[in-house]
Amino acid sequence: MKYKSTRGKVSGLGFTEAFLMGLATDGGLIIPEKIPTVELEKLKNLAYKELAFEIFSLFIDDIDKQDIKNLIEKSYSTFDTDEITPIVKKDGVYILELFHGPTFAFKDVALQFLGNLFEYVLDKTGSNINILGATSGDTGSAAIYGLKGKKNVNIFILHPHGKVSPIQEMQMTTVEDENVYNIAIEGTFDDCQYIVKSIFNDLEFKSKYNLGAVNSINWARILAQIVYYFYAYFKSGVDELYFSVPTGNFGDIFAGYIAKKMGLPIKKLILATNSNDILYRFVNFGDYSIKGVAQTLSPSMDIQIASNFERYLYYLFDEDADKVKDIMDEFAQTKKILFKQELLKKVQDEFESYRADTEDTLNTIKRFYEETNYIIDPHTAAGVSAAWQSNHKDVICLSTAHPAKFPDAIEKAIKKTPKEPDAIKKLHSKDKRMSILNNDIDEVKKFMEENLKNEF
Ligand SMILES: *Cc1c(COP(=O)(O)O)cnc(C)c1O
C-alpha cells in the first residue's frame, strides 16, 4: 500500500514515511493511493485485536506482520475491557462505547497505537522526535497517555493555564514520566495554538529539535479508527446500518467513510454537530463558511474549520487533486466554499447531518437517562440527538467520552454527578506537574531548549 497527498504533489510513500510526515509536504493531507476492499465473511467472528490486525495489514506493508501484532497487543492492553470498544443497546439505539482507554475518551483508540508506533519506528531508524502540541483538553491528555514513558520521544503540550476542565488538567499534569512536559500558558487556547504554529514555522528550530505533531490529520489515527466501525457492525448483527458520529475535525467520521468504501454496508453516516455547525451547514445547504467559535458543553466539537475535511473533498471531487488544491487555496482567501446542487446531492447520498444546541444536548442527556438509566456525556448526546432527529432505525451512536469527564454538564442535565472510574479517582491525591509560562513564543522555545540541552 502506497500513500499520496490530496493535493497531488506527493505520492509513492510507504506507510512509515506517511506516518512520520503527518501533514503532506505539499500542504495536503495523506491518503492511500487505493482503498482496499474486504470480504466481510472473513472478518465477522474476529476479536477486536484480531480484526485490528487484519485491517491494519491491508494498509501497512512495510512493517513485519508479527511486529504489527505486538504493537496492537501492547496498544490495547491498556483498555479496561478485552472488547476494547463494547457496544450496548439502549432503548432502540446502539451505543458504541469508545471510552474504555486510559483517558476515557475515544482519542485513546488511536493515540495508544500512535505512541507505540512512534517508539517502534524511531527505534528502527535510530532517531528521536519531540512532539509539540496545543490542547484545549482531550487531545492533550490522550496524547500524553499515548507517549508517556516511550523511548526516543519527548512530548511538550501547551494548555491555557486554568482554562481546561479540572479533570483534564489533572489527567495531563499528574503523569510522572520524565519525557512529558506540561506547559501552562498564561493565555487562551488560541494563544497556545498560535505559539505552536509559530514554532513549527521556525524551520531551523523545527529541524534542529526534530519536532513532530500528533494532531488528528495523521493517517495512522484515521486507520486505527476504522476498526471499530467494522467491530460494531459485526457485534450489532444489523445488516445495513447508520452510524451517528459526534463530529469536530471530521477525523472520526472520515474513518467511517473509509470503512464504507472498503465494503461495510453503511447506509449513511449521520454527522452530528453542536452549535458550531459548519459541517451541518455543509451537508444540508452546501455552505462551508467560517463563523466564530462558540463555547459549548461539548468542547471537543468546538471547531471553526474541520482539519480532516480536505480528505473527503478529494473523494467528492472524484480524486481530482488539482481541484482540491484550487478550492483549498480559494478557501484560505475567502473563508468559504459554496457547493452546487449536483455536488450537494452526492454529499447527501452519503451523509445526513443534524445539530444539537446546548438545550438539545441537556434535554437529550436527561431524556436518555430517564428512559434507559444510562448516562451519556455531552458529545455523545449530540450524536444521540442526531440519531433521534433522523428517525432511522438501527443507528449506532459513537460514544466518544465517559460522562465522568464532564460532571458539570451531567449535573446540569440530571441533577446528579456521574460515578468516577477508579482510574480517575486515584488521580485526585497525586501531585500536579506543570511549568507556567507567559504567552510568549521565545519563552516556550527557551524552555524547550533548556530541557533538551542534554540530548542535542
Ligand atoms: C475529538 C473528539 C470528538 C470529535 O472528533 P473528530 O475526529 O475531531 O471529529 C468528539 N468527541 C470527543 C469526546 C472528542 O474528544
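The residues of the chain are indexed from 1 along the displayed sequence. Ligands are counted one by one from 1 in listed order, and the atoms in each one are counted from 1 as well. Not measured: the values here are computed from a predicted model.
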Side-chain donor-acceptor pair under 3.5 Å between Asn116 and Ser75, yes or no? yes
Is the closest side-chain donor-acceptor distance between Asn274 and Thr361 under 3.5 Å? no
One finds that the ligand 1 atoms under 4.0 Å from a non-hydrogen atom of Ala401 are 13 (C)
At what distance is the nearest protein heavy atom to atom 12 (C) of ligand 1, and which residue and atom is it? Thr400 OG1, 3.5 Å
Look only at interatomic distance and state if Met301 has a nitrogen or oxygen under 3.5 Å from any nitrogen or oxygen of ligand 1. no
Going by the order shown, which atoms of ligand 1 are within less than 4.0 Å of some heavy atom of Pro246? 4 (C), 10 (C)
Are side-chain N/O atoms of Tyr314 and Lys4 paired as donor and acceptor at under 3.5 Å? yes
Quick one: does Ala105 get a heavy atom under 4.0 Å from ligand 1? no
For ligand 1, is any non-hydrogen atom under 4.0 Å from Asp138's backbone (N, CA, C, O), its side chain (CB onward), both, or neither? side chain
Any heavy atom of Phe106 under 4.0 Å from ligand 1? The part involved is side chain
Nearest non-hydrogen contact to atom 4 (C) of ligand 1 from the set Pro299, Ser298, Gly248 belongs to Gly248
Give the ring-plane orientation class for Phe113 versus Phe56, where under 30° counts as parallel, over 60° as perpendicular and anything between as tilted. tilted
Using the side-chain contact (heavy atoms from CB on, under 4.5 Å) rule, take Ile270 and Val245 through it: C-alpha gap first, then chi angles, then the decisive distance, then the call. CA-CA 6 Å; Ile270 300 174; Val245 188; over 6 Å; no
Would Gln168 and Asp138 count as having a side-chain donor-acceptor pair, cut-off 3.5 Å? yes
How about Ser385 and Gln389: does a side-chain donor come under 3.5 Å of a side-chain acceptor? yes
Output the list of atoms in ligand 1 that are nearer than 4.0 Å to some heavy atom of Gly251, sorted by atom number. 6 (P), 7 (O), 9 (O)
Nitrogen or oxygen of Asp252 less than 3.5 angstrom from that of ligand 1: yes
Has ligand 1 got any nitrogen or oxygen that is less than 3.5 angstrom from a nitrogen or oxygen of Thr247? no
What residue and heavy atom of the protein are closest to atom 8 (O) of ligand 1, and at what distance? Asn249 N, 2.7 Å
Going by distance alone, is a donor N or O of one side chain under 3.5 Å from an acceptor N or O of the other, for Glu83 and Tyr231? yes
Without hydrogens or angle criteria, can the side chains of Asn179 and Lys150 be said to hold a donor-acceptor pair below 3.5 Å? no
Run down the list His379, Lys107, Lys405 and name the one with the heavy atom closest to atom 2 (C) of ligand 1. Lys107
